Amino acid sequence: MGEMTVLADVADMRRRLGNDDELIAELFQLFLEDYPSQLDTLRAAVDSRGPDAVRRAAHVVKSSAGNLSASRVADAAAALEDAAERNGVPAFDELFAELANQLQALAAELHARRSAQ
Amino acid sequence: MMRVLVADDDRLSAAALQRTLPADTFAVTVVNNGAAALKVLTEPDSPSLAILDWMMPELDGPEVCRRVRAEAPRPDRYLILLTSRDAREDIVVGLDAGADDYLVKPFHRGELLARVSVGMRMLELQKGLADRVDELQKALAQVKQLRGLLPICSYCKAIRSDGDYWQQVEGYIAQHSEAQFTHGICPPCYEQMSKELAEYAKTHRSPV
């Protein structure tokens, strides 16, 4: 896997989690299980234009991505969360599209990592 | 075994927290919303230590802190809030709401364990203090019985205890305090008693 595609910073995770590779594998697994429904919740919130629902949904994604040290996903989620806090409804679609892309890229990376093992 | 509540709607955070707390020391209960956290923390025998995410469905972390402090106040309670790295300005709000400490997400294992052990130290201190206060209150209750109004006989100095039983003063005090008595005779009484004994001997002298 090329370094430029690395979205989850495993070195940072190992540093934070005391080199617990079993836990890291478990977190990857939980993310792969949870991200489709997180994405659905997020899409529904964006479609409903409800700032509070968007803020909450984006916050959970930011938290999950943070646990995977996936800063690009976490940043995209934080941007959407910030927009929702400032009631920036017009920016929702663009920020959601960016976050959805990053999430899917992260999922693809984690799938690839799993099949490589 | 120390019981800990972890409340977080992000399964990854909850799993990482649960896994980081050693299973031989901590019995961890996990819930995924604020209302469930409040329910667990207001039950009898609830965990003393809780790690609560800031933003959760139903009730947020600070609101859980406020309600736990109001509805189930206990001296042995330590609440840690989890906050995102970009929400540090909220920390004052969280501490004001009744949190004892906070931890920034995504957490670092060493920091989590250090903060949890500070919590355990505080809980032990609180327990020590509570035990001491308890002992002192028990001792104070004893002292109070001696400070109350004691009905005493003006002539023989017996004290009326509960149940209309008249008791010698030394027996009464020994029963109601840690004091003990050794018996002797004071100089004025000695003089008085010597006189009386001499008088008695004179009047009861056997006829020769």
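Note that the coordinates shown come from a computational prediction; the quantities given were computed from them, not determined experimentally. The figures here come from the full heavy-atom set of this structure, side chains too, leaving out hydrogens, waters and symmetry mates. In what follows, chains carry the letters A, B, and so on, assigned in the order in which the sequence lines appear, proteins first and then strands, with residues in each chain numbered from 1.
Within residues 28-44 of chain A, the residues having any heavy atom closer than 4.5 Å to a heavy atom of chain B are A:L30, A:F31, A:E33, A:D34, listed by residue number.
Atom CD of A:E94 sits in a sparse spot, with 12 or fewer heavy atoms from other residues, nucleotides or ligands closer than 6.0 Å. Counting heavy-atom neighbours within 6.0 Å of A:E22 CD, excluding the residue itself, gives a total of 12 or less. Within a 6.0 Å radius of CD in A:E85, more than 12 heavy atoms belonging to other residues, nucleotides or ligands are found. The number of heavy-atom neighbours closer than 6.0 Å to CZ of B:F181, taken from other residues, nucleotides and ligands shown, is above 12. The environment of CD in B:Q180 is sparse: at most 12 heavy-atom neighbours from other residues, nucleotides or ligands sit within 6.0 Å. Environment of CE in B:M122: sparse, with no more than 12 heavy atoms of neighbouring residues, nucleotides or ligands closer than 6.0 Å.
Residue B:R11 touches chain A through both its backbone and its side chain, counting heavy-atom pairs closer than 4.5 Å.
With hydrogens and angles disregarded, a donor-acceptor distance shorter than 3.5 Å links the side chain of A:R56 to the backbone of B:M56.
The choice from A:L68, A:D20, A:L23, A:L17 that makes the most heavy-atom pairs within less than 4.5 Å of chain B is A:L23.
Annotation: the span from A:E81 atom CD to B:M55 atom CE amounts to 5.0 Å, rounded to 0.5 Å. With rounding to the nearest 0.5 angstrom, the CZ atom of A:R16 is 11.5 Å from the CD atom of B:E111. Going from atom CG of B:D8 over to atom OG of A:S63 covers 5.0 Å, rounded to the nearest 0.5 Å.
Side chains of B:K105 and A:K62 form no contact here, defined as non-hydrogen atoms less than 4.5 Å apart. Two residues are said to be in side-chain contact when any heavy atoms from C-beta on lie closer than 4.5 Å; B:S84 and A:H59 meet this criterion.
Considering every non-hydrogen atom in both B:A16 and A:N67, the closest pair reads CB-OD1, 4.3 Å. Listed here is the closest heavy atom pair of A:L27 and B:A15: CD2-CB, 4.2 Å.
Evaluation of the ring pair (Phe, Tyr, Trp, His ring centres under 6.0 Å) test over residues 86-117 of chain A, restricted to residues two or more places apart or in two chains, returns none.
Under the rule for a side chain to side chain donor-acceptor pair (under 3.5 Å), the partners of B:D76 that lie at least two apart in sequence or sit in another chain are B:R74. In this view, B:E71 and B:R67 satisfy the side chain to side chain donor-acceptor pair (under 3.5 Å) rule, not counting sequence neighbours.
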